[in-house]
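Structure first, then comments.
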Number of protein chains: 2
Amino acid sequence: MPRTADTKEQILDAAEALFSAHGIEGVSLRSLTKEAKVNLASVHYHFGSKEAVVKAAFARCIRPVNRERLALLDQLEKEAADGHLGVEAVLFALFSPTMKLARGSSERQSFVRLCARLYSEPADYLEPFFEDEFREVMKRFEAAFARALPGLPQHELRSRMRFAVGVMAHTMLDCGRTHNWTAGKGDETDAQAILASMVRFVAGGMLARPGRMTPAREEAVA
Amino acid sequence: MPRTADTKEQILDAAEALFSAHGIEGVSLRSLTKEAKVNLASVHYHFGSKEAVVKAAFARCIRPVNRERLALLDQLEKEAADGHLGVEAVLFALFSPTMKLARGSSERQSFVRLCARLYSEPADYLEPFFEDEFREVMKRFEAAFARALPGLPQHELRSRMRFAVGVMAHTMLDCGRTHNWTAGKGDETDAQAILASMVRFVAGGMLARPGRMTPAREEAVA
DNA sequence: CATGTTCTTAAACAAACGTTTGATTCAAGC
DNA sequence: GCTTGAATCAAACGTTTGTTTAAGAACATG
């Protein structure tokens, strides 16, 4: 391999593709370096460990997305006449950057699944790192949602934000699975339709009037 | 080990606890048999392979839940005056059986995380098995939702059912994580509150008026 | 009591894992 | 032209993986 082709990025490219296809534990450094067409030892030379590769791949995948989320939220708030955003606009800022990835060249579609997988991967060493990456996004969007949903108790708001993340994560996983979304060509029309459905759905949930269940149903759980 | 204590079930108990805590690939047969206090070879004697253990654990976990889902749907449909169920009732029948597990003795709380994990685990050999287990539930509930949501196109309904599953799966994962749900004691009040929030949220999404986004936002995705 | 089956056990198997080593190759600086 | 440092390479490190083996213990049935 020529020196000019950045080994580090070849490794990260392969890591994204393979991790998203087989999970972190399902990918060995040998299969990784074979896919990346680099030597086995070079991953330790450049990163130091497999954990570090996972973190680096995750960071390269999620950082631009979160940056765009914040930028989009800023832009929409600036465009709004009184600075007041509706729920659907906030959701659009939250969801659209990930869907933009799913739309792109089919090579980069694996980004989406990788991100979704890391939500559910039980790697202990990832949890603090993960929280760091999302702290600002969560804070900013919680504020935006609070403005868009006045009167909703904070605790309920946080629950609903978790539900929203659940919808997104699961959709991202499903997207990459067996293309059972529309009869679709898996291209931009697809991504737009899914995004629109998702925003509608979650907005409906966010706007629902909070309240308890009927006593009869509460009994049924006990 | 005495013969009376069923080795097979001890293995499945340990499998549930460990798989839900560390994922399938994160659990070796050695750690599994150590936790179960049985011999390493007995897992092959009783099950034949690790894959078979995973399937067996999954089946023992999910079958009673799905059975109860169908029974609850039957019961609610019978109780309803005209046989017509509201969205919230259908959602209750879908979600409450899993939440019932999350409430139970903290030992069996791991059930919930195991099920949630298997949604996102990329094991290829599980996918057809998984689909088999859920086929009838999905068919019955799609019909129930279709009756509760007349006029909603089938394609949109199926998308929204996927969203609903996403909410449930993600919530189940979060439940077992760091108990960041309420200041809570993790007991029945907790589970009831979460279930109520979930049903409200998803019902809001299911009932949302379908439609496209504004052209400006569609551009932003392209 | 002997027989046959079911189950458990310790030990070993080959393969794959993440990681480390030491030699080699290349490009740039003096 | 020699040196220096970064980067690559093949080979091996010691563990751990899922799986298999063969012998022994515990039970039921005759």
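Order of the sequence lines sets the chain letters (A, B, ...), proteins ahead of strands, with each chain counted from 1. Worth knowing before you read on, the calculation uses all heavy atoms, side chains too, and leaves out hydrogens, waters and symmetry mates.
Judged as a salt bridge (charged side-chain N to carboxylate O under 4.0 Å, His left out), the pairs with a partner in residues 134-146 of chain B (not counting sequence neighbours) are, in order, B/Asp74-B/Arg140, B/Glu77-B/Arg140, B/Asp132-B/Arg135, B/Glu142-B/Arg158.
Side-chain rings of A/Phe129 and A/Tyr125 stay apart, their centers remaining 6.0 Å or farther from each other.
Using modelled atom types, one finds no donor on one side chain facing an acceptor on the other under 3.5 Å when comparing B/Asn66 with B/Arg63.
A salt bridge links A/Glu9 and A/Arg60; the closest N-O separation between the charged side-chain nitrogens and carboxylate oxygens is under 4.0 Å. The existence of a salt bridge linking B/Asp13 and B/Lys8 is excluded, since no basic side-chain nitrogen approaches an acidic carboxylate oxygen closer than 4.0 Å.
When the C1' atom of C/dT8 is taken as reference, atom NZ of B/Lys8 falls 16 Å away, rounded to whole Å. Distance B/Tyr45 OH to C/dC7 C1': 5 Å, rounded to the nearest Å. As a whole-Å value, the separation of B/Lys37 NZ from C/dT9 C1' is 18 Å.
Within the 4.0 Å cut-off from OP1 or OP2 of C/dC7, not a single side-chain nitrogen or oxygen of B/Thr7 is found. Put simply, B/His46 has a side-chain N or O that comes within less than 4.0 Å of OP1 or OP2 on C/dT8.
Ring pair A/Phe201/B/Phe201 is perpendicular by interplanar angle, where above 60° counts as perpendicular and below 30° as parallel.
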Under 4.0 Å protein heavy-atom contact, by nucleotide of nucleotides 11-22 of chain D - B base, S sugar-phosphate only: -B----BBBBB-
